[in-house]
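What follows is a single structure, written as C-alpha coordinates, with notes after it.
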Amino acid sequence: MITRFVCLAAVMIAVPALATDLHDAVRKDYDGYLAELFDHFHRNPELSTVEFKTAKRMAQELHDAGFDVTENVGGTGVVAMLENGPGPLVMMRADMDGLPVEEKSGLANASRATQTDPITGNTVFAMHACGHDVHITSLVGTARQMAARRDEWNGTLMLLVQPAEERVLGARAMKDDDLWGRFGKPDYALAFHVSSSDVAGVINVSEGSPYAGADTVDIIIHGVGAHGASPHRGKDPIVLGSQIVMALQTLVARELSPRDPGVVTVGSFHSGTKHNIISDQAHLQLTVRNTSIETRNVLLSGIKRIAENMGRVAGLPEDKLPEVIVSNESVPPTTNNAELARRLKTAWSDAMGDDAVVDIPTKGMGAEDFPLFVDDPAIPSVYWAIGGTPQEDFATEKAGGPPVPSHHSPLFKVSPEPAVKAGVESTVVALLSLMQE
Ligand SMILES: [Zn+2]
Ligand SMILES: [Zn+2]
(Lines give C-alpha, C1' and ligand atoms only; values in the text may rest on other atoms or scores of the structure.)
(Ligands and ions follow the chains in the order given, each with its own letter.)
Protein backbone atom coordinates (compact mmCIF):
# COMPACT_ATOMS: atom_id res chain seq x y z
CA MET A 1 0.00 0.00 0.00
CA ILE A 2 2.71 2.44 0.99
CA THR A 3 4.95 1.40 -1.91
CA ARG A 4 2.05 1.96 -4.28
CA PHE A 5 1.42 5.40 -2.82
CA VAL A 6 5.07 6.35 -3.22
CA CYS A 7 5.10 5.14 -6.83
CA LEU A 8 1.99 7.09 -7.72
CA ALA A 9 3.33 10.20 -6.03
CA ALA A 10 6.57 9.91 -7.97
CA VAL A 11 4.69 9.59 -11.25
CA MET A 12 2.42 12.49 -10.44
CA ILE A 13 5.36 14.74 -9.69
CA ALA A 14 7.64 13.56 -12.49
CA VAL A 15 5.21 13.71 -15.41
CA PRO A 16 4.03 17.31 -15.19
CA ALA A 17 7.64 18.38 -14.60
CA LEU A 18 8.68 16.71 -17.86
CA ALA A 19 5.60 18.07 -19.61
CA THR A 20 6.20 21.67 -18.58
CA ASP A 21 9.89 21.49 -19.30
CA LEU A 22 9.37 19.84 -22.69
CA HIS A 23 6.54 22.18 -23.64
CA ASP A 24 8.68 25.23 -22.88
CA ALA A 25 11.74 23.78 -24.60
CA VAL A 26 9.77 23.02 -27.79
CA ARG A 27 8.16 26.46 -27.75
CA LYS A 28 11.58 28.12 -27.49
CA ASP A 29 13.04 25.94 -30.22
CA TYR A 30 10.08 26.67 -32.50
CA ASP A 31 10.44 30.43 -32.06
CA GLY A 32 14.22 30.42 -32.28
CA TYR A 33 14.84 27.78 -34.94
CA LEU A 34 12.06 25.56 -36.27
CA ALA A 35 9.73 28.34 -37.53
CA GLU A 36 12.38 29.52 -39.98
CA LEU A 37 13.25 25.96 -40.98
CA PHE A 38 9.58 25.22 -41.73
CA ASP A 39 9.38 28.40 -43.80
CA HIS A 40 12.39 27.22 -45.83
CA PHE A 41 10.91 23.79 -46.48
CA HIS A 42 7.48 25.23 -47.32
CA ARG A 43 8.96 27.59 -49.93
CA ASN A 44 11.18 24.87 -51.44
CA PRO A 45 9.17 21.68 -51.98
CA GLU A 46 10.54 18.91 -54.21
CA LEU A 47 8.72 16.13 -56.03
CA SER A 48 8.80 12.42 -55.18
CA THR A 49 12.16 10.68 -55.91
CA VAL A 50 13.93 13.98 -56.68
CA GLU A 51 14.03 15.46 -53.14
CA PHE A 52 17.76 16.21 -53.50
CA LYS A 53 18.02 19.59 -51.72
CA THR A 54 15.51 18.61 -49.02
CA ALA A 55 17.48 15.44 -48.26
CA LYS A 56 20.77 17.38 -48.16
CA ARG A 57 19.32 19.93 -45.75
CA MET A 58 17.81 17.20 -43.55
CA ALA A 59 21.13 15.33 -43.48
CA GLN A 60 22.89 18.53 -42.40
CA GLU A 61 20.29 19.37 -39.73
CA LEU A 62 20.39 15.87 -38.23
CA HIS A 63 24.20 15.80 -38.33
CA ASP A 64 24.30 19.19 -36.58
CA ALA A 65 21.94 17.81 -33.92
CA GLY A 66 24.54 15.14 -33.12
CA PHE A 67 23.35 12.13 -35.13
CA ASP A 68 25.39 9.77 -37.35
CA VAL A 69 23.91 10.38 -40.77
CA THR A 70 23.83 8.16 -43.87
CA GLU A 71 22.54 9.64 -47.13
CA ASN A 72 21.21 8.08 -50.36
CA VAL A 73 19.41 5.17 -48.70
CA GLY A 74 16.83 3.89 -51.20
CA GLY A 75 17.31 6.93 -53.46
CA THR A 76 17.28 10.23 -51.57
CA GLY A 77 16.44 8.67 -48.16
CA VAL A 78 18.40 9.69 -45.06
CA VAL A 79 19.01 7.59 -41.94
CA ALA A 80 20.19 9.30 -38.75
CA MET A 81 21.28 7.26 -35.72
CA LEU A 82 21.92 8.28 -32.13
CA GLU A 83 23.26 5.54 -29.86
CA ASN A 84 22.75 6.08 -26.15
CA GLY A 85 23.70 2.89 -24.32
CA PRO A 86 21.88 -0.43 -24.12
CA GLY A 87 18.13 -0.36 -24.69
CA PRO A 88 15.54 -0.62 -27.43
CA LEU A 89 16.06 0.47 -31.04
CA VAL A 90 13.21 2.83 -31.91
CA MET A 91 12.51 4.21 -35.38
CA MET A 92 10.67 7.44 -36.20
CA ARG A 93 9.88 8.16 -39.84
CA ALA A 94 9.10 11.43 -41.64
CA ASP A 95 8.29 11.62 -45.36
CA MET A 96 9.66 14.61 -47.23
CA ASP A 97 8.17 14.83 -50.75
CA GLY A 98 5.95 17.57 -52.18
CA LEU A 99 3.38 17.35 -54.98
CA PRO A 100 3.05 18.68 -58.54
CA VAL A 101 0.48 21.32 -57.52
CA GLU A 102 0.55 25.11 -58.00
CA GLU A 103 0.06 26.61 -54.55
CA LYS A 104 -2.90 29.00 -54.33
CA SER A 105 -3.14 29.20 -50.52
CA GLY A 106 -2.56 32.95 -50.52
CA LEU A 107 0.05 32.53 -47.76
CA ALA A 108 3.02 34.90 -47.67
CA ASN A 109 5.39 31.93 -47.92
CA ALA A 110 3.42 30.16 -50.67
CA SER A 111 5.68 28.08 -52.89
CA ARG A 112 6.55 29.37 -56.36
CA ALA A 113 9.06 26.56 -56.86
CA THR A 114 9.12 24.63 -60.11
CA GLN A 115 10.81 21.36 -60.95
CA THR A 116 11.11 18.91 -63.82
CA ASP A 117 8.48 16.25 -63.19
CA PRO A 118 10.37 12.92 -63.25
CA ILE A 119 7.30 11.18 -64.69
CA THR A 120 6.38 13.52 -67.56
CA GLY A 121 9.59 15.51 -68.07
CA ASN A 122 7.51 18.71 -67.98
CA THR A 123 8.36 21.70 -65.78
CA VAL A 124 5.68 21.88 -63.11
CA PHE A 125 4.94 23.83 -59.96
CA ALA A 126 5.71 22.02 -56.72
CA MET A 127 3.92 22.43 -53.40
CA HIS A 128 3.95 20.88 -49.95
CA ALA A 129 0.23 20.21 -50.41
CA CYS A 130 0.19 17.24 -48.03
CA GLY A 131 2.07 18.84 -45.13
CA HIS A 132 5.24 16.75 -45.29
CA ASP A 133 7.11 19.99 -44.48
CA VAL A 134 5.52 19.71 -41.01
CA HIS A 135 6.84 16.14 -40.71
CA ILE A 136 10.47 16.91 -41.55
CA THR A 137 10.58 20.12 -39.50
CA SER A 138 9.19 18.17 -36.53
CA LEU A 139 11.77 15.44 -37.08
CA VAL A 140 14.54 18.02 -36.74
CA GLY A 141 12.84 19.36 -33.58
CA THR A 142 12.66 15.82 -32.20
CA ALA A 143 16.33 15.20 -33.00
CA ARG A 144 17.35 18.38 -31.16
CA GLN A 145 15.24 17.53 -28.09
CA MET A 146 16.39 13.91 -27.91
CA ALA A 147 20.06 14.89 -28.28
CA ALA A 148 19.67 17.45 -25.48
CA ARG A 149 17.96 14.88 -23.22
CA ARG A 150 20.38 11.96 -23.44
CA ASP A 151 20.20 11.46 -19.68
CA GLU A 152 16.42 10.83 -19.92
CA TRP A 153 16.50 7.75 -22.20
CA ASN A 154 18.42 4.61 -23.15
CA GLY A 155 18.83 2.76 -26.40
CA THR A 156 19.31 3.72 -30.03
CA LEU A 157 17.19 6.24 -31.87
CA MET A 158 16.80 5.85 -35.64
CA LEU A 159 15.33 8.76 -37.58
CA LEU A 160 14.25 8.04 -41.17
CA VAL A 161 13.74 10.75 -43.76
CA GLN A 162 11.75 8.98 -46.45
CA PRO A 163 11.41 9.97 -50.11
CA ALA A 164 8.50 9.39 -52.50
CA GLU A 165 5.64 8.60 -50.12
CA GLU A 166 3.17 10.18 -52.55
CA ARG A 167 4.07 7.57 -55.14
CA VAL A 168 4.26 4.80 -52.50
CA LEU A 169 7.80 4.06 -53.68
CA GLY A 170 10.02 5.40 -50.90
CA ALA A 171 9.41 2.99 -48.01
CA ARG A 172 9.92 -0.02 -50.28
CA ALA A 173 13.06 1.52 -51.80
CA MET A 174 14.61 2.21 -48.38
CA LYS A 175 13.70 -1.25 -47.10
CA ASP A 176 15.12 -2.87 -50.26
CA ASP A 177 18.37 -0.98 -49.64
CA ASP A 178 19.00 -3.42 -46.75
CA LEU A 179 17.73 -0.88 -44.22
CA TRP A 180 17.41 -3.28 -41.29
CA GLY A 181 20.59 -5.17 -42.25
CA ARG A 182 22.65 -1.98 -42.23
CA PHE A 183 21.09 -0.12 -39.32
CA GLY A 184 19.30 -2.80 -37.24
CA LYS A 185 15.67 -3.89 -37.11
CA PRO A 186 13.72 -1.58 -34.77
CA ASP A 187 11.90 -2.87 -31.71
CA TYR A 188 9.27 -0.17 -32.25
CA ALA A 189 8.40 2.05 -35.21
CA LEU A 190 6.56 5.37 -35.16
CA ALA A 191 5.27 7.96 -37.64
CA PHE A 192 2.67 10.71 -37.80
CA HIS A 193 0.82 12.70 -40.44
CA VAL A 194 -0.41 16.26 -40.04
CA SER A 195 -4.15 16.33 -40.73
CA SER A 196 -6.23 19.21 -42.06
CA SER A 197 -9.38 17.52 -40.75
CA ASP A 198 -8.26 17.59 -37.11
CA VAL A 199 -8.09 20.62 -34.81
CA ALA A 200 -4.62 22.20 -34.73
CA GLY A 201 -2.36 20.68 -32.09
CA VAL A 202 -4.47 17.65 -31.11
CA ILE A 203 -3.18 14.07 -31.33
CA ASN A 204 -5.62 11.74 -33.08
CA VAL A 205 -4.67 8.12 -32.46
CA SER A 206 -6.53 4.92 -33.28
CA GLU A 207 -6.11 1.46 -31.83
CA GLY A 208 -7.12 0.10 -35.24
CA SER A 209 -6.30 1.04 -38.81
CA PRO A 210 -5.76 4.75 -39.52
CA TYR A 211 -5.00 4.21 -43.22
CA ALA A 212 -6.36 1.85 -45.84
CA GLY A 213 -4.54 -0.69 -47.94
CA ALA A 214 -4.46 0.17 -51.64
CA ASP A 215 -4.12 -1.83 -54.83
CA THR A 216 -3.77 -0.60 -58.38
CA VAL A 217 -5.53 -2.85 -60.87
CA ASP A 218 -5.72 -2.80 -64.68
CA ILE A 219 -8.30 -4.69 -66.72
CA ILE A 220 -7.50 -5.25 -70.39
CA ILE A 221 -10.63 -6.17 -72.36
CA HIS A 222 -10.06 -7.86 -75.71
CA GLY A 223 -12.82 -7.36 -78.23
CA VAL A 224 -13.21 -8.02 -81.92
CA GLY A 225 -13.07 -4.89 -84.04
CA ALA A 226 -15.74 -4.23 -86.65
CA HIS A 227 -17.61 -1.49 -88.55
CA GLY A 228 -19.90 0.47 -86.23
CA ALA A 229 -22.77 -0.34 -88.57
CA SER A 230 -22.14 -4.11 -88.31
CA PRO A 231 -21.99 -4.88 -84.59
CA HIS A 232 -22.86 -8.53 -85.24
CA ARG A 233 -19.44 -8.92 -86.90
CA GLY A 234 -17.50 -7.90 -83.76
CA LYS A 235 -17.31 -8.16 -79.99
CA ASP A 236 -17.74 -4.66 -78.58
CA PRO A 237 -15.26 -4.07 -75.71
CA ILE A 238 -17.02 -0.82 -74.72
CA VAL A 239 -20.28 -2.62 -74.02
CA LEU A 240 -18.46 -5.42 -72.22
CA GLY A 241 -16.35 -2.88 -70.27
CA SER A 242 -19.52 -1.03 -69.23
CA GLN A 243 -21.05 -4.28 -67.96
CA ILE A 244 -17.87 -5.01 -66.00
CA VAL A 245 -17.87 -1.50 -64.47
CA MET A 246 -21.50 -1.92 -63.36
CA ALA A 247 -20.99 -5.46 -62.06
CA LEU A 248 -17.95 -4.33 -60.02
CA GLN A 249 -20.30 -2.06 -58.03
CA THR A 250 -21.86 -5.17 -56.45
CA LEU A 251 -18.59 -6.20 -54.80
CA VAL A 252 -18.68 -3.61 -52.02
CA ALA A 253 -22.49 -3.35 -51.96
CA ARG A 254 -23.28 -7.09 -51.86
CA GLU A 255 -20.18 -9.10 -50.98
CA LEU A 256 -18.60 -7.17 -48.11
CA SER A 257 -20.22 -6.97 -44.70
CA PRO A 258 -21.79 -3.52 -44.31
CA ARG A 259 -19.46 -3.00 -41.33
CA ASP A 260 -16.38 -3.83 -43.39
CA PRO A 261 -15.12 -0.90 -45.48
CA GLY A 262 -13.87 -1.27 -49.03
CA VAL A 263 -13.67 0.79 -52.22
CA VAL A 264 -13.57 -0.24 -55.88
CA THR A 265 -13.21 2.85 -58.07
CA VAL A 266 -12.81 2.68 -61.84
CA GLY A 267 -10.85 5.87 -62.39
CA SER A 268 -10.19 5.47 -66.09
CA PHE A 269 -11.95 3.81 -69.05
CA HIS A 270 -10.25 4.11 -72.43
CA SER A 271 -11.34 2.60 -75.72
CA GLY A 272 -11.91 3.43 -79.34
CA THR A 273 -10.81 6.02 -81.85
CA LYS A 274 -13.83 7.04 -83.93
CA HIS A 275 -17.64 7.21 -84.01
CA ASN A 276 -18.21 4.36 -86.43
CA ILE A 277 -15.54 1.86 -85.43
CA ILE A 278 -16.07 -0.90 -82.91
CA SER A 279 -12.73 -1.03 -81.11
CA ASP A 280 -10.84 -4.24 -80.46
CA GLN A 281 -9.68 -3.27 -76.97
CA ALA A 282 -10.72 -1.38 -73.82
CA HIS A 283 -8.58 -0.55 -70.80
CA LEU A 284 -9.91 0.06 -67.29
CA GLN A 285 -7.79 1.45 -64.43
CA LEU A 286 -8.94 0.85 -60.87
CA THR A 287 -7.98 1.75 -57.36
CA VAL A 288 -9.06 -0.77 -54.74
CA ARG A 289 -9.01 0.00 -50.99
CA ASN A 290 -9.36 -2.16 -47.89
CA THR A 291 -8.64 -2.18 -44.17
CA SER A 292 -7.80 -5.88 -43.88
CA ILE A 293 -6.15 -8.68 -45.84
CA GLU A 294 -9.48 -10.60 -45.84
CA THR A 295 -11.29 -7.69 -47.52
CA ARG A 296 -8.44 -7.29 -49.97
CA ASN A 297 -8.76 -10.93 -50.99
CA VAL A 298 -12.55 -10.65 -51.44
CA LEU A 299 -12.19 -7.56 -53.63
CA LEU A 300 -9.26 -8.71 -55.78
CA SER A 301 -10.62 -12.21 -56.37
CA GLY A 302 -14.08 -10.73 -57.04
CA ILE A 303 -12.70 -8.33 -59.67
CA LYS A 304 -11.03 -11.23 -61.48
CA ARG A 305 -14.14 -13.43 -61.24
CA ILE A 306 -16.44 -10.67 -62.54
CA ALA A 307 -14.15 -9.55 -65.36
CA GLU A 308 -13.49 -13.06 -66.66
CA ASN A 309 -17.06 -14.26 -66.36
CA MET A 310 -18.51 -11.16 -68.01
CA GLY A 311 -16.14 -12.01 -70.87
CA ARG A 312 -17.75 -15.47 -71.01
CA VAL A 313 -21.21 -13.86 -70.92
CA ALA A 314 -20.18 -11.84 -73.98
CA GLY A 315 -19.18 -15.06 -75.75
CA LEU A 316 -15.44 -14.50 -75.80
CA PRO A 317 -13.27 -17.62 -76.13
CA GLU A 318 -11.24 -18.73 -73.07
CA ASP A 319 -7.99 -17.32 -74.49
CA LYS A 320 -9.58 -13.88 -75.07
CA LEU A 321 -11.14 -13.31 -71.65
CA PRO A 322 -10.45 -9.95 -69.96
CA GLU A 323 -7.04 -9.84 -68.26
CA VAL A 324 -6.85 -8.57 -64.69
CA ILE A 325 -3.41 -7.24 -63.72
CA VAL A 326 -2.75 -6.36 -60.06
CA SER A 327 0.26 -4.05 -59.74
CA ASN A 328 2.95 -5.21 -57.35
CA GLU A 329 3.07 -1.65 -56.00
CA SER A 330 0.27 -2.33 -53.54
CA VAL A 331 0.35 -1.19 -49.93
CA PRO A 332 -1.21 -3.04 -47.01
CA PRO A 333 -3.42 -1.19 -44.52
CA THR A 334 -1.63 0.81 -41.82
CA THR A 335 -2.61 -1.05 -38.65
CA ASN A 336 -1.61 0.18 -35.23
CA ASN A 337 -0.49 -2.20 -32.53
CA ALA A 338 -3.44 -1.75 -30.14
CA GLU A 339 -1.47 -2.30 -26.95
CA LEU A 340 1.26 0.11 -28.00
CA ALA A 341 -1.34 2.69 -29.08
CA ARG A 342 -2.98 2.47 -25.62
CA ARG A 343 0.39 2.84 -23.96
CA LEU A 344 1.26 5.95 -25.96
CA LYS A 345 -2.22 7.41 -25.48
CA THR A 346 -1.67 7.25 -21.72
CA ALA A 347 1.79 8.80 -22.04
CA TRP A 348 0.42 11.62 -24.22
CA SER A 349 -2.56 12.29 -21.94
CA ASP A 350 -0.29 12.38 -18.89
CA ALA A 351 2.22 14.71 -20.51
CA MET A 352 0.02 16.91 -22.70
CA GLY A 353 -3.43 16.70 -21.07
CA ASP A 354 -6.52 14.58 -21.79
CA ASP A 355 -7.91 17.22 -24.17
CA ALA A 356 -4.85 16.88 -26.39
CA VAL A 357 -5.62 13.24 -27.29
CA VAL A 358 -8.64 12.15 -29.36
CA ASP A 359 -9.67 9.04 -31.28
CA ILE A 360 -11.75 10.22 -34.22
CA PRO A 361 -11.98 7.64 -37.01
CA THR A 362 -10.94 8.80 -40.47
CA LYS A 363 -13.74 8.94 -43.05
CA GLY A 364 -11.71 8.38 -46.18
CA MET A 365 -9.72 5.40 -47.43
CA GLY A 366 -6.41 7.12 -48.04
CA ALA A 367 -3.30 4.92 -48.06
CA GLU A 368 0.26 5.24 -46.77
CA ASP A 369 3.42 3.31 -47.53
CA PHE A 370 4.57 3.28 -43.87
CA PRO A 371 3.26 -0.31 -43.32
CA LEU A 372 5.90 -1.55 -45.79
CA PHE A 373 8.43 -0.80 -43.03
CA VAL A 374 6.56 -2.69 -40.32
CA ASP A 375 4.57 -5.54 -41.90
CA ASP A 376 7.25 -8.08 -42.78
CA PRO A 377 8.98 -8.72 -40.44
CA ALA A 378 6.33 -7.42 -38.07
CA ILE A 379 7.39 -4.50 -35.89
CA PRO A 380 5.00 -3.06 -33.26
CA SER A 381 4.12 0.37 -34.56
CA VAL A 382 1.84 3.35 -34.04
CA TYR A 383 0.90 5.92 -36.67
CA TRP A 384 -0.96 8.96 -35.39
CA ALA A 385 -2.32 12.23 -36.75
CA ILE A 386 -1.53 15.75 -35.59
CA GLY A 387 -4.25 18.32 -36.21
CA GLY A 388 -3.32 21.25 -38.41
CA THR A 389 -6.46 23.38 -38.82
CA PRO A 390 -7.41 26.16 -36.36
CA GLN A 391 -10.76 25.62 -34.60
CA GLU A 392 -12.00 28.97 -36.05
CA ASP A 393 -11.65 27.63 -39.59
CA PHE A 394 -13.98 24.71 -38.81
CA ALA A 395 -16.45 27.18 -37.21
CA THR A 396 -16.30 29.39 -40.31
CA GLU A 397 -16.95 26.40 -42.56
CA LYS A 398 -19.90 25.33 -40.40
CA ALA A 399 -21.36 28.84 -40.65
CA GLY A 400 -21.35 28.58 -44.46
CA GLY A 401 -17.90 30.12 -45.04
CA PRO A 402 -15.11 28.67 -47.16
CA PRO A 403 -14.54 24.93 -46.59
CA VAL A 404 -11.35 23.74 -44.92
CA PRO A 405 -9.12 22.75 -47.86
CA SER A 406 -8.22 19.09 -48.12
CA HIS A 407 -4.80 17.56 -48.54
CA HIS A 408 -3.44 17.75 -52.12
CA SER A 409 -5.59 20.84 -52.81
CA PRO A 410 -3.84 23.99 -54.17
CA LEU A 411 -5.56 25.79 -51.27
CA PHE A 412 -4.16 23.39 -48.64
CA LYS A 413 -2.77 25.14 -45.58
CA VAL A 414 -2.11 23.96 -42.07
CA SER A 415 -0.97 26.13 -39.19
CA PRO A 416 2.68 25.19 -38.80
CA GLU A 417 3.16 26.47 -35.26
CA PRO A 418 0.67 24.26 -33.37
CA ALA A 419 1.29 21.36 -35.77
CA VAL A 420 5.09 21.34 -35.53
CA LYS A 421 5.05 21.92 -31.76
CA ALA A 422 2.58 19.07 -31.20
CA GLY A 423 4.51 16.93 -33.69
CA VAL A 424 7.75 17.37 -31.73
CA GLU A 425 6.14 17.07 -28.29
CA SER A 426 4.14 13.95 -29.10
CA THR A 427 7.14 12.26 -30.74
CA VAL A 428 9.50 13.08 -27.86
CA VAL A 429 6.95 11.92 -25.26
CA ALA A 430 6.45 8.66 -27.20
CA LEU A 431 10.21 8.07 -27.55
CA LEU A 432 10.93 8.84 -23.90
CA SER A 433 8.17 6.50 -22.82
CA LEU A 434 9.47 3.65 -25.02
CA MET A 435 13.15 4.17 -24.34
CA GLN A 436 13.18 3.46 -20.61
CA GLU A 437 13.58 -0.32 -20.93
ZN1 LIG B 1 -0.42 13.08 -49.69
ZN1 LIG C 1 1.01 12.83 -46.98
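Both backbone and side-chain heavy atoms feed into the values below; hydrogens, waters and symmetry mates do not.
Under a 4.0 Å N-O distance rule, the pair E102/R112 qualifies as a salt bridge. A salt bridge is absent between R289 and D215; no separation between the charged side-chain nitrogens and carboxylate oxygens falls under 4.0 Å. For the pair R343 and E339, the salt-bridge criterion is not met [side-chain N within less than 4.0 Å of a carboxylate O]. Between K345 and D354 there is no salt bridge, since no side-chain nitrogen of the basic residue lies less than 4.0 Å from a carboxylate oxygen of the acidic one. Taking a cutoff of 4.0 Å between a charged side-chain nitrogen and a carboxylate oxygen, K413 and E103 do not qualify as a salt bridge. Contact check on R305 versus E255 returns a salt bridge, with a Lys/Arg side-chain nitrogen under 4.0 Å from an Asp/Glu carboxylate oxygen. For D24 and K28, the salt-bridge test fails: no basic side-chain N is under 4.0 Å from an acidic carboxylate O. We find that K421 and E425 are not joined by a salt bridge, their nearest charged nitrogen and carboxylate oxygen being 4.0 Å or further apart.
The aromatic rings of H128 and H132 sit tilted, their planes meeting at an angle between 30° and 60°. Using a 30° and 60° split on the angle between ring planes, F412 and H407 fall in the tilted class, from 30° to 60°. Ring geometry for Y211 against H193 counts as tilted: the plane angle lies between 30° and 60°, on a 0 to 90° scale.
Side-chain contact between M81 and F183 is present, with heavy atoms from C-beta onward closer than 4.5 Å. Side-chain contact between L160 and M92: absent, with no pair of heavy atoms (C-beta onward) separated by less than 4.5 Å. Counting heavy atoms from C-beta on, the side chains of F67 and L157 come closer than 4.5 Å. Contact check for D359 versus V205: no side-chain heavy atoms found under the 4.5 Å cut-off.
Residues S111 and R43 approach most closely at OG-O, 4.0 Å, considering heavy atoms.
Considering OG1 of T265 and CD of Q285, their distance stands at 13.0 Å, rounded to 0.5 Å. To the nearest 0.5 Å, the span separating CG on L34 from CG on L139 amounts to 11.0 Å. Distance SG/C130 to CG/L99: 6.0 Å, rounded to 0.5 Å. Atom CE of M246 and atom CD1 of I306 lie 11.5 Å apart (nearest 0.5 Å). Note that the OG atom of S48 and the CD atom of E165 stand 8.0 Å from one another [nearest 0.5 Å].
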* Asked: Run the salt bridge (charged side-chain N to carboxylate O under 4.0 Å, His left out) check on D369 and K175 step by step: do they pass?
  -> CA-CA 11 Å; D369 69 357; K175 189 99 177 297; over 6 Å; no
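Taking the centre and axis of the six-membered ring of F370, the NZ or CZ atom of R93 falls outside the cone set by 45° and 6.0 Å.
No hydrogens or angles considered: a donor-acceptor pair under 3.5 Å links the side chains of N109 and D39.
Using a distance-only test at 3.5 Å, with no hydrogens or angles considered, a donor-acceptor pair links the side chain of T396 to the main chain of E392. The main-chain N or O of I360 is found under 3.5 Å from a side-chain atom of N204 such that the two form a donor-acceptor pair. A donor-acceptor contact shorter than 3.5 Å links the side chain of Q115 to the backbone of L47. Side-chain atoms of N84 come within 3.5 Å of backbone atoms of R150 as a donor-acceptor pair (strictly under, hydrogens ignored). For the pair T346 (side chain) and R342 (backbone), a donor-acceptor distance under 3.5 Å is present. W348 contributes no side-chain N or O that, together with a main-chain N or O of I203, makes up a donor-acceptor pair within less than 3.5 Å.
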